[in-house]
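Okay, so here's the structure we're looking at.
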Amino acid sequence: MPALTMGDPAGIGPELTVLAWKALREQGEAFLWVGDPALLAPHVPVQIVQNAHEASAVFAEALPVLPITLPVPVVPGQPDGALAGAIIASIETATKLALSGVVSAVITNPISKIVLKEAGFGFPGHTEFLASLCGVPGEEIMMLASPRLRVVPVTVHVSLREALNSLSSERIVQVGRALAVALKRDFGMEAPRIAVAGLNPHAGEGGVMGFEERDMIQPAIDVLRDEGIDATGPYPPDTLFTDLARPLYDAALCMYHDQALIPLKTLDMATGVNVTLGLPIIRTSPDHGTAFSIAGKGVADPASLLAALRMARELGARRAMNKGKTS
């Protein structure tokens, strides 16, 4: 059973959680929510539990909650820095449960980076915080996955200028290796195909529009191929995500955040899932944010959260199966 974090209580996370429970309760796809039960109690039956076993037993009748008490009342759509400590505690608690094997995965509801930063949070976002909690800082890799496309950016939550400065052959190789492992272990692909995007327009066009493809990206691809990884490219980013190109690879390795996330969210925002690679635990999340502007209005779409819950379950099952084969 996976654990679902509270996210920012003033965002759409609580109402998405309610909708997810209503959608999954009859199918037996149970999850444990880590948050303040008062947020959910007016909308669905809630049962406070102490462990995942209790959560599974009550899921059909009530939404199981491992309580994290909020210090102040919540107003939907109005973020409050006073809630930051509880938001962080929910993530920490769920991660500890996953690391100890009590839950099979962590699914994170959206947080506000600004709210947490103003409260002294020292991480750019969920991904980096989770890596620190898991004892693998710097090894975290963000994948966005949907039925139509999988993308992984080499650089993530930094400015575009910093992304360009921090890009290197070594980092491309590191991310490519981790991607290949994840596609085999967690996605069940025997021989995954990785398409590597260029950085510049037309992938540099032979040096006319930049030399990063020649001097940085191609050498990284060569290293990956020498290691037996089916990595090809660098491909012009403006044609890599077309209907004709996408069937030719299993995941696209992109150079920076927006190069990866814009095509994914354009193609499949509703069912896109954020998956963190490089961690000892499984973590997924919806591919959208807190949506403060619609919080509490009853119009939030749970499709991405449902996809994240189901993908966490699928990845957990594959990882358990593969572990059994190698043990």
Side-chain angles (χ1 to χ4, degrees), residues 1-7 13 16-17 20 24 27-35 51-53 55-56 59 64 66 90-111 123 125-147 150-153 156 175 177-189 192 250-251 264 271-288 304-327:
M1 168 185 290
L4 175 62
T5 68
M6 179 168 55
L16 292 181
T17 299
L24 299 177
Q27 301 172 35
E29 298 181 24
F31 61 86
L32 171 65
W33 194 65
V34 184
N51 55 57
H53 177 72
S56 181
F59 191 79
L66 191 65
S90 176
I91 302 168
E92 291 173 334
T93 300
T95 302
K96 289 177 182 177
L97 292 174
L99 286 170
S100 63
V102 174
V103 298
S104 59
V106 174
I107 300 95
T108 55
N109 265 312
I111 59 173
F123 299 89
H126 260 133
T127 305
E128 296 81 3
F129 184 41
L130 287 162
S132 177
L133 292 175
C134 291
V136 290
E139 296 183 30
E140 69 277 5
I141 295 167
M142 184 172 73
M143 170 191 279
L144 268 289
S146 81
R150 299 180 191 90
V151 292
V152 171
V156 187
V175 175
R177 286 172 178 155
L179 174 56
V181 168
L183 291 173
K184 290 180 181 180
R185 179 187 62 184
D186 297 336
F187 289 85
M189 300 177 188
D250 299 304
L264 186 287
T271 58
V273 176
N274 183 354
V275 185
T276 304
L277 312 181
L279 304 180
I281 65 172
I282 292 169
R283 180 265 178 151
T284 67
S285 74
D287 71 350
H288 55 72
S304 186
L305 177 58
L306 287 169
L309 284 160
R310 286 170 172 149
M311 182 171 288
R313 188 176 299 278
E314 292 168 3
L315 298 184
R318 286 199 192 97
R319 189 173 292 192
M321 180 177 63
N322 290 334
K323 182 178 180 181
K325 288 180 179 180
T326 58
S327 61

Polar side-chain atom of [X] near backbone of [Y] as donor-acceptor pair, under 3.5 Å:
X    : Y    : answer
T284 : I107 : no
R313 : A105 : no
Q27  : L24  : no
T108 : S285 : no
S90  : V34  : yes
S104 : G316 : no

Checklist entry - How far apart are the C-alpha atoms of L309 and E29, what are their side-chain angles, what is the distance that settles it, and do they pass the side-chain contact (heavy atoms from CB on, under 4.5 Å) test? => result CA-CA 9 Å; L309 284 160; E29 298 181 24; over 6 Å; no
Checklist outcome for this item: Residue set satisfying ring-ring contact (aromatic ring centres under 6.0 Å, His included) with F187, at least two apart, ordered chain then number -> none
Next on the checklist: Check the orientation of F123 and F129. Use parallel for under 30°, tilted for 30 to 60°, and perpendicular for over 60°.
Outcome noted: tilted
Working to the nearest 0.5 angstrom, can you tell me the gap between [X] [atom1] and [Y] [atom2]?
X    : Y    : atom1 : atom2 : answer
E92  : L130 : CD    : CG    : 10.5 Å
S146 : M311 : OG    : CE    : 8.0 Å
N51  : L97  : CG    : CG    : 9.5 Å
I282 : L315 : CD1   : CG    : 5.5 Å
I141 : L179 : CD1   : CG    : 7.5 Å

Which pair of heavy atoms, one from [X] and one from [Y], lies closest together, and at what distance?
X    : Y    : result
C134 : L99  : SG-CD2, 4.0 Å
A307 : T271 : CB-O, 3.7 Å
I91  : T5   : CA-CG2, 4.1 Å
L32  : V103 : CD2-CG1, 4.5 Å
L264 : D287 : CD1-OD2, 3.7 Å
G7   : I111 : CA-CG2, 4.1 Å

Item to check | Candidate pair H288 and L16, rule side-chain contact (heavy atoms from CB on, under 4.5 Å), full reasoning | outcome: CA-CA 12 Å; H288 55 72; L16 292 181; 3.5 Å; yes
Item to check | Evaluation steps, side-chain contact (heavy atoms from CB on, under 4.5 Å), between L66 and T93 | outcome: CA-CA 9 Å; L66 191 65; T93 300; 3.8 Å; yes
Next on the checklist: Assess the residue pair L183 and M143 against the criterion (side-chain contact (heavy atoms from CB on, under 4.5 Å)); give the C-alpha distance rounded to whole Å, side-chain angles, the decisive distance to 0.1 Å, and a yes or no.
Outcome noted: CA-CA 11 Å; L183 291 173; M143 170 191 279; 4.1 Å; yes
Checklist entry - Do R283 and E140 come within less than 4.5 Å of each other through their side chains, counting heavy atoms only? => result no
Checklist entry - Hey, is D186 close enough to R318 for a salt bridge, meaning N to O under 4.0 Å? => result no
